[in-house]
Student: 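Supplied in structure tokens, the structure appears directly below.
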Amino acid sequence: MWKKCAIALLCISLLFGCNKRGNQGNLRNAGLLVPETISDQVWGTKGYKGMLKIQSAFEADVFYREGVTSKPAVENAVSEFEQKGVNVIFGHGNAYAAHFNDIAPAHPEMHFVSFNGHATQPNTTSLKFEGYAMGFFGGMTAAYMSRGNKVGVIAAFGWQPEVKGFIDGAKHQEHNTEVLVMYTENWDDRDIAIQRFEEMMAKGADVIYPAGDGFNVPVIEKIKEHGLYAIGYVSDQSDLGESTVLTSTVQHVDKLYELVAKRFEEGTLESGNLSFDFKDGVITMGSFSPLVDKAFQEKMDRHINHYMETGKLPE
């Protein structure tokens, strides 16, 4: 594993070269830690694309380490990054928050950024996508297109705000819509997710929201096989089939990383726990299927614009 990680550091360094930025701002170089791989085409890849945006926007060298899951591994990576002039590190998941809180006091010149955690140190920040609204708009679309007034959401964990948003949005659109909710208790367990889908289908759900980026693609493929509808998750998944994917709830991780890097560069990045939403330009709805009539699409655009301007969802 150490050799694999060392090669990763070397390859990305050779790819980007050595950029001499001078004293343009606070950001020197940036580092990324991922628990699995940057090649998963889902969550890890999104983090890597965020690093590419930072490299391009700030002419900084960026580095990554894969398979970093323990505190000793985090400490080792932080030490290597520090030697390479990295002063902002992104831990691509909620497990990094606790490690960063422990490590950060020993590295006061570095800033540590994690996801969906609880940041407690002056040089730590945790990021969170506000998922309620995107779930709400996804639920509205699902209820509108459901033929049997029964829809479902398959989520990884109960704390995901998009689950409550999906339920409320579906009920707002059609008050008599039945919403089935099931969990996998794991971001990546595709077998359990497909099992949950089959259970929902047996109960009559005809629009499914697979709210887990580790299993959404195989679930959508199963949905397509059975001629049902899906709401995509995290990425615009219209490429999986316009006759299947009605729309998607999209989280632009790469844009968020660039936004956070910009704040760090300017000295305005706050410590603690920060939330981001549609108004920040890092959450959008994906393309609508041509099966969704134009009148409803236009209505959704109005609702989304109103929410961005006022923070208020349809009542």
Side-chain angles (χ1 to χ4, degrees), residues 36-50 92 129-146 151-157 160-163 165-166 169-170 179-184 186-194 196-198 200-201 205-256 278 281-293 296-297 300-301 304:
E36 294 183 359
T37 175
I38 63 167
S39 304
D40 59 10
Q41 302 305 311
V42 283
W43 182 246
T45 300
K46 281 179 170 285
Y48 179 68
K49 289 180 177 179
H92 202 54
F129 283 109
E130 283 292 352
Y132 180 85
M134 72 177 196
F136 190 96
F137 294 130
M140 286 183 65
T141 305
Y144 181 76
M145 292 296 292
S146 176
V151 302
V153 52
I154 303 169
F157 300 101
Q160 293 177 244
E162 52 268 33
V163 175
F166 184 87
V179 184
L180 306 178
V181 182
M182 296 182 183
Y183 300 101
T184 63
N186 188 297
W187 287 112
D188 302 307
D189 197 325
R190 300 182 175 197
D191 292 338
I192 292 296
I194 290 172
R196 296 289 182 263
F197 159 67
E198 291 172 346
M200 284 188 174
M201 181 176 62
D206 55 11
V207 186
I208 308 294
Y209 181 37
D213 64 337
F215 56 72
N216 53 359
V217 172
V219 170
I220 290 174
E221 294 293 350
K222 286 292 183 180
I223 291 170
K224 184 191 302 185
E225 289 178 13
H226 292 277
L228 304 177
Y229 296 140
I231 305 294
Y233 182 71
V234 173
S235 301
D236 186 337
Q237 297 181 308
S238 57
D239 60 340
L240 296 178
E242 288 187 330
S243 61
T244 300
V245 181
L246 301 174
T247 188
S248 303
T249 61
V250 185
Q251 296 177 341
H252 299 277
V253 178
D254 56 343
K255 291 183 179 180
L256 179 56
F278 280 83
V282 298
I283 295 179
T284 63
M285 297 302 291
S287 305
F288 278 95
S289 164
L291 298 178
V292 181
D293 64 70
F296 182 79
Q297 292 185 39
M300 291 295 293
D301 287 341
I304 292 168

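All residue numbers refer to positions in the sequence shown, counting from 1.
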Student: Can you tell me how far the NE2 atom of His92 sits from the CH2 atom of Trp43, to the nearest 0.5 Å?
Tutor: 4.5 Å
Student: Compare every heavy atom of Phe129 with every heavy atom of Val282, then report the nearest pair and how far apart it is.
Tutor: O-CE2, 3.6 Å
Student: If only atom types and distance count, is the side chain of Gln160 paired as donor or acceptor with the main-chain N or O of Ala211 below 3.5 Å?
Tutor: yes
Student: Answer yes or no: is there a donor N or O on one side and an acceptor on the other, between the side chain of Asp213 and the main chain of Val234, under 3.5 Å?
Tutor: no
Student: Looking at every heavy atom in both Ser289 and Val245, which two are closest together, and how far apart are they?
Tutor: CB-O, 3.4 Å
Student: With rounding to the nearest 0.5 Å, note down the distance linking OG1 in Thr284 to CZ in Phe278.
Tutor: 7.0 Å
Student: In terms of the angle between their ring planes, are Phe288 and Phe296 parallel, tilted or perpendicular, with boundaries placed at 30° and 60°?
Tutor: perpendicular
Student: When rounded to the nearest 0.5 angstrom, what is the spacing between OH in Tyr209 and CG in Asn216?
Tutor: 9.5 Å
Student: Does any N or O in the side chain of Ser248 come within less than 3.5 Å of the main-chain N or O of Val250, such that one atom is a donor and the other an acceptor?
Tutor: no
Student: Working to the nearest 0.5 Å, report the span between OG1 of Thr184 and CD1 of Ile194.
Tutor: 11.5 Å
Student: Tell me, do Glu36 and Asp188 make a side-chain contact under 4.5 Å, heavy atoms counted?
Tutor: yes
Student: Test of understanding: with salt bridge (charged side-chain N to carboxylate O under 4.0 Å, His left out), list the residues that count as partners of Glu221, not counting sequence neighbours.
Tutor: Lys224
Student: Please find the pair of heavy atoms, one from Gly152 and one from Ala205, that lie closest to each other, and give the distance.
Tutor: N-CB, 4.2 Å
Student: Specify the closest pair of heavy atoms between Arg190 and Pro218, including all atoms of both residues, with the distance to one decimal.
Tutor: CD-CG, 3.6 Å
Student: Is any side-chain heavy atom of Phe166 closer than 4.5 Å to one of Thr249?
Tutor: no
Student: What pair of heavy atoms forms the shortest contact from Ile220 to Pro210, and how long is it?
Tutor: CG1-CG, 3.9 Å
Student: Are the side chain of Asp40 and the backbone of Thr45 linked by a donor-acceptor contact shorter than 3.5 Å?
Tutor: yes
Student: Is the backbone of Gly281 close enough, under 3.5 Å, to the side chain of His252 for a donor and an acceptor to pair up by distance?
Tutor: no
Student: Could you grab the distance from atom CD1 of Ile154 to atom CZ of Arg196, nearest 0.5 Å is fine?
Tutor: 8.5 Å
Student: Sorted by first residue and then second, give each salt bridge (Lys or Arg N to Asp or Glu O under 4.0 Å) pair with at least one member in residues 235-245; sequence neighbours left out.
Tutor: none
Student: Can you tell me how far CD1 of Ile192 sits from CG of Asn186, rounded to the nearest 0.5 angstrom?
Tutor: 9.0 Å
Student: Can you find a pair of side-chain heavy atoms, one from Leu246 and one from Tyr144, that are under 4.5 Å apart?
Tutor: no
Student: Taking side chain to side chain contact (heavy atoms under 4.5 Å, CB included) as the criterion, tell me which of Gln297, Gln237, Met285, Met140 meets it with Thr247.
Tutor: Met285
Student: Where does the angle between the aromatic ring planes of Phe197 and His226 fall among parallel (under 30°), tilted (30 to 60°) and perpendicular (over 60°)?
Tutor: tilted
Student: Is it the case that more than 12 heavy atoms not belonging to Lys46 sit under 6.0 Å from its NZ atom?
Tutor: yes
Student: Give the minimum heavy-atom separation between Trp187 and Phe215, together with the two atoms involved.
Tutor: O-CD2, 3.4 Å
